[in-house]
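Here is the structure we will look at, set down as structure tokens.
Chain naming here is simple, since letters A, B, ... match the order of the sequence lines and numbering starts at 1 in each. What you see is a predicted model, and the numbers here were worked out from it, not measured in a lab.
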Number of protein chains: 2
Amino acid sequence: MHTADVSSDLTWQLFPVEQSMRTARLKQKPCVLWFTGLSGAGKSTVAGLVESLLFQKGYLTYVLDGDNVRHGLCRDLDFTDQGRSENIRRVGEVSKLLVDAGLIVLTAFISPFRDDRALVRNLIGDNDYVEIFINASLEVCEARDPKGLYKKAREKQVAAFTGIDSPYEPPEHPELIINTDTQTAIACAEKIVKYLYSTGRLLLDSTEYSIRREPVNVLG
Amino acid sequence: MHTADVSSDLTWQLFPVEQSMRTARLKQKPCVLWFTGLSGAGKSTVAGLVESLLFQKGYLTYVLDGDNVRHGLCRDLDFTDQGRSENIRRVGEVSKLLVDAGLIVLTAFISPFRDDRALVRNLIGDNDYVEIFINASLEVCEARDPKGLYKKAREKQVAAFTGIDSPYEPPEHPELIINTDTQTAIACAEKIVKYLYSTGRLLLDSTEYSIRREPVNVLG
């Protein structure tokens with residue numbers, strides 16, 4: 001009887017696909033760009049622009065945000081402190097899987113608590129966790145109020161809203177501080193891409209980039 | 001005052017990076033290969049071989065299994081029916097994110113309950129969910145007993161073990177049935193890769209593959 005015993009397959013010289021093999025092919029060193037900051041500070045906007053810039057340059061990324069997490073993986077969680085912490089923990093765990101898969105991950109969550117962010121840093125590992133403080137004053141964020149949430153919080157229609165009646169604990173040692181009230185979103189995004197180049201995470205040269213963008217047509 | 005308003009960035013013609021853009025670049029149509037079957041049937045072995053074959057051919061994949069999920073994302077869950085269902089739900093949600101990121105995802109969980117698998121199929125969408133029944137008789141699986149778990153279950157050291165004192169509900173309409181007790185693991189894996197070709201999910205031609213494997217050396 002034949003069995004699924006792998007030993008009989010050793011002549012194929014197959015071996016597990018590991019992160020290092022994926023990243024060598026993708027020519028990028030994966031990491032988590034962890035955006036933290038007040039609602040309205042510009043986390044999602046800047047993360048989206050960074051992703052667009054990286055994609056245009058040939059890299060593979062993924063953005064985790066409230067839209068694709070709160071309605072899916074974390075649909076069972078509420079907005080109490082415990083619910084928020086568990087939300088951040090799961091996002092951290094999923095980020096870790098995505099990094100293992102070879103991707104540059106961008107997360108856009110308020111993530112107001114230092115302990116939660118420390119847990120994620122510990123989970124991902126210091127080397128691959130890049131904390132980016134998206135900084136704007138409460139006044140600026142409240143004036144922007146893109147989702148009308150500050151208005152609702154002031155009117156007590158939303159409880160425990162970060163910055164109003166729930167604390168935001170600013171990062172003490174973030175890898176990057178990006179001030180969104182003194183520069184455009186694109187300028188912010190370009191700073192982050194520059195940081196990734198300067199830390200050796202983006203490894204395609206321009207020839208490879210053009211190949212990746214326009215695959216050779218063998219039919220000529 | 002400058003703001004993070006994206007409207008001022010429109011001249012850059014940036015737009016969100018969507019699944020279709022990633023998959024066009026990767027030249028693969030992402031999906032979830034959902035392996036289900038008894039412990040010892042060969043889910044992880046075959047999934048690992050499929051991943052190796054796909055990687056060698058130039059594709060980007062990721063395997064979700066007990067090792068990288070139960071110790072991380074699902075560390076808070078027990079092995080009651082409810083815990084198992086929530087485990088499968090989360091794996092389904094993470095698979096959905098990975099598919100959105102452009103990857104071919106392989107999951108290797110016993111996933112004994114039809115309702116749980118139906119939930120995942122519904123979550124991922126019928127088009128991108130490929131259920132693969134890794135089929136071997138209980139006798140064969142118990143004889144293999146790679147982790148010694150059947151022995152423990154028979155000695156009542158493990159409770160609610162699938163196939164012994166907890167039911168396994170075989171798929172009624174799986175996309176593929178792979179019998180691991182009548183063919184080698186490699187033969188099983190090759191059948192699955194052939195299925196992916198036949199359903200139009202693998203789109204690299206051989207020239208692109210060689211480029212992807214051996215990036216052009218511009219200094220050469």
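Per-residue counts of heavy-atom pairs under 4.5 Å with chain A were compared for B:Val69, B:Leu54, B:Asp100; the largest is that of B:Asp100.
When every heavy atom of B:Ala101 is checked against every heavy atom of A:Leu103, the shortest pair comes out as CB-CD2, 3.7 Å.
Residues of residues 70-79 of chain B that come within less than 4.5 angstrom of chain A, heavy atom to heavy atom, are B:Gly72, B:Leu73, B:Arg75, B:Asp76 in numerical order. Identified by a heavy-atom distance below 4.5 Å to chain B, contributing residues of residues 124-138 of chain A are lacking entirely.
Evaluation of the side chain to side chain donor-acceptor pair (under 3.5 Å) rule for B:Glu175 yields B:Arg121 as partners, not counting sequence neighbours. Residues passing the salt bridge (charged side-chain N to carboxylate O under 4.0 Å, His left out) test with A:Lys194: none are found, sequence neighbours excluded.
The main-chain N or O of B:Phe55 is found under 3.5 Å from a side-chain atom of A:Arg25 such that the two form a donor-acceptor pair.
Using a 4.5 Å cut-off between heavy atoms, A:Leu97 touches chain B through backbone and side chain atoms alike.
We find that A:Arg22 and B:Glu51 are joined by a salt bridge, their nearest charged nitrogen and carboxylate oxygen being less than 4.0 Å apart.
Side-chain atoms of A:Leu60 and B:Leu26, non-hydrogen and from C-beta on, do get closer than 4.5 Å to each other.
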